[in-house]
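Following: one structure in structure tokens, then a few remarks.
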Amino acid sequence: MAMEMRLPVARKPLSESVGRDTKKHLVVPGDTITTDTGFMRGHGTYMGEEKLIASVAGSVERVNKLICVKALKTRYNGEVGDIVVGRITERRRSAEDELAMRGFLQEGDLISAEVQAVFSDGAVSLHTRSLKYGKLGQGVLVQVSPSLVKRQKTHFHDLPCGASVILGNNGFIWIYPTPEHKEEDAGAFSANLEPVSLADREVISRLRNCIVSLVTQRVMLYDTSILYCYEASLPHQIKDLLKPEIMEEVVMETRQRLLEQEG
Amino acid sequence: MAGLELLSDQGYRVDGRRAGELRKIQARMGVFAQADGSAYIEQGNTKALAVVYGPHEIRGSRARALPDRALVNCQYSSATFSTGERKRRPHGDRKSCEMGLQLRQTFEAAILTQLHPRSQIDIYVQVLQADGGTYAACVNAATLAVLDAGVPMRDFVCACSAGFVDSTALADLSHVEEAAGGPQLALALLPASGQIALLEMDARLHEDHLEQVLEAAARAARDVHTLLDRVVRQHVREASVLLGD
């Protein structure tokens with residue numbers, strides 16, 4: 001069996017590869033953002049003696065009267081209407097819960113759901129009320145930082161390359177083969193356990209490696225970026241996509257295409 | 001007087017530094033991809049690594065969960081090869097437990113725990129090479145790691161040690177200076193407000209000198225803050241340039 005080994009190399013500073021002019025206001029904890037008391041404070045800030053002070057390291061974002069600091073990496077903060085993908089670790093054992101959930105969702109199942117409500121302590125309440133959500137069958141899960149998942153109108157995408165993805169707002173991304181029949185969607189309560197064809201599996205593996213490459217180069221994840229990355233990766237072998245230099249090349253190309261598309 | 005002269009007549013210390021001079025500090029954030037936050041710091045020859053996990057659900061007994069704030073759990077470990085003589089117990093010994101407790105007190109003061117009730121934030125610090133000022137290096141590394149994880153903090157926590165020799169306060173003691181047996185003070189400061197997170201000394205020092213030593217430690221901690229601030233801004237700038245918009 002052939003093995004490839006590499007020695008560790010010093011990481012290149014990443015800023016030189018992208019020549020973007022950013023006029024962002026970057027702050028670190030303890031920095032005063034503003035002394036104007038007219039603003040409402042959002043995430044990443046706190047009020048201290050008449051001043052608004054940053055509590056995380058990141059860029060300041062202002063939406064009308066709301067100021068918040070977007071940190072580079074954060075724990076997921078649930079908002080109503082978000083789509084999340086996750087695994088059931090524990091179930092509440094109560095009588096009505098047993099009646100409702102018996103046989104449908106077990107502990108250890110991977111599910112997609114929507115956030116229904118957020119409690120004051122940050123806990124979220126999920127629901128799987130439409131057939132769109134529910135148990136997930138065969139596919140690949142990729143865990144990324146929640147800050148890299150772009151907020152869009154829909155998080156369920158059927159990519160033209162032959163697979164579908166669910167971009168959970170909590171950073172869990174689910175890649176699965178596009179079901180042929182539109183009636184039985186990704187969820188429902190019975191997992192589709194039919195064998196997946198090799199072609200589909202290759203597409204899914206390639207998508208997974210593309211997402212991992214995008215994440216290492218800190219590109220926002222949404223359907224267009226994933227698709228462009230997939231197309232840019234086609235000349236390479238799937239397993240080569242995990243090599244740092246190929247990753248850089250593919251993501252550079254993706255970035256270029258995304259920039260062209262914007263401008 | 002036989003032995004090592006900690007402060008020469010011209011005002012130079014054993015390693016050639018001046019009384020209030022810090023050792024060379026190099027730091028890097030985001031050294032581990034798997035952890036939520038991580039950082040590495042070198043203060044002279046003292047090397048420390050810090051890793052932060054969280055905030056996440058309380059592991060173990062749910063009863064320990066605090067209803068209005070997060071639990072901060074710190075663990076200190078020093079590698080067996082970190083000191084001159086090979087250490088037999090890297091963690092679990094008295095000094096490690098005490099350091100862990102001190103780190104916890106320090107970070108409970110700085111982290112805004114009310115924002116994450118019923119959660120737990122784990123901070124693990126490992127000393128790879130100990131050449132004096134290990135508490136300070138641990139606090140500085142942990143601050144960077146907590147920032148890297150995106151956990152909200154009131155301010156940076158910058159720490160430095162200080163000593164007192166020949167009526168002069170020395171800042172940032174190395175192992176040689178610590179082993180000499182004089183009084184040593186460890187100070188953890190929140191620079192923007194000047195508030196003290198932790199002040200620790202277990203030696204005998206005349207109260208007349210306390211002011212001077214405290215002042216030297218505070219000044220050194222602010223210098224550390226300048227350096228850490230630069231490191232963090234550089235890191236944020238790089239990462240935000242990549243993210244684009």
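When reading the values below, keep in mind they use all heavy atoms of this one structure, side chains included, and skip hydrogens, waters and symmetry mates. Just so it is clear: chains get the letters A, B, ... in the order the sequence lines come, proteins before strands, and each one is counted from 1.
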- prompt: What option among B/Ala192, B/Gly54, B/Gly37, B/Pro117 has the most heavy-atom pairs under 4.5 Å with chain A?
  reply: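 Heavy-atom pair counts peak at B/Pro117.
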query: Side chains of B/Arg233 and A/Asp31: closer than 4.5 Å at any heavy-atom pair?
result: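 A side-chain contact under 4.5 Å exists here.
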With a 6.0 Å cut-off (strictly less than), is the heavy-atom count around [atom1] of [X], excluding the residue itself, greater than 12?
X: A/Glu245; atom1: CD; value: yes
X: A/Arg151; atom1: CZ; value: yes
X: B/Glu57; atom1: CD; value: no
X: A/Glu50; atom1: CD; value: no
X: B/His116; atom1: NE2; value: yes
X: A/Arg6; atom1: CZ; value: yes
X: A/Asp36; atom1: CG; value: yes

When rounded to the nearest 0.5 angstrom, what distance separates [atom1] in [X] from [atom2] in [Y]?
X: B/Gln34; Y: A/Gln143; atom1: CD; atom2: CD; answer: 12.5 Å
X: B/Arg118; Y: A/Phe119; atom1: CZ; atom2: CZ; answer: 9.5 Å
X: B/His235; Y: A/Leu26; atom1: NE2; atom2: CG; answer: 11.5 Å
X: A/Ser55; Y: B/Leu115; atom1: OG; atom2: CG; answer: 7.0 Å

What closest approach, in Å, do [X] and [Y] show between heavy atoms, and which atom pair accounts for it?
X: A/Ala57; Y: B/Val236; answer: CB-CG2, 3.8 Å
X: B/Gly150; Y: A/Thr74; answer: O-CG2, 4.1 Å
X: A/Val56; Y: B/Pro152; answer: CG1-CA, 3.8 Å

query: Which atoms of A/Val69 come close to chain B, meaning under 4.5 Å heavy atom to heavy atom: side chain ones, backbone ones, both, or neither?
result: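 For A/Val69, there is no contact with chain B at all, as no heavy atom is under 4.5 Å.
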message: Report which part of A/Ala54 has an atom under 4.5 Å of a heavy atom belonging to chain B: side chain, backbone, both, or neither.
response: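 Contact with chain B is through the backbone of A/Ala54 alone.
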field: Residues in residues 119-148 of chain B near chain A [non-hydrogen atoms, under 4.5 Å]
entry: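 Contacts with chain A: B/Ser119, B/Leu147, B/Asp148.
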Which portion of B/Arg154 sits near chain A, non-hydrogen atoms under 4.5 angstrom: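 For B/Arg154, backbone and side chain are both near chain A.
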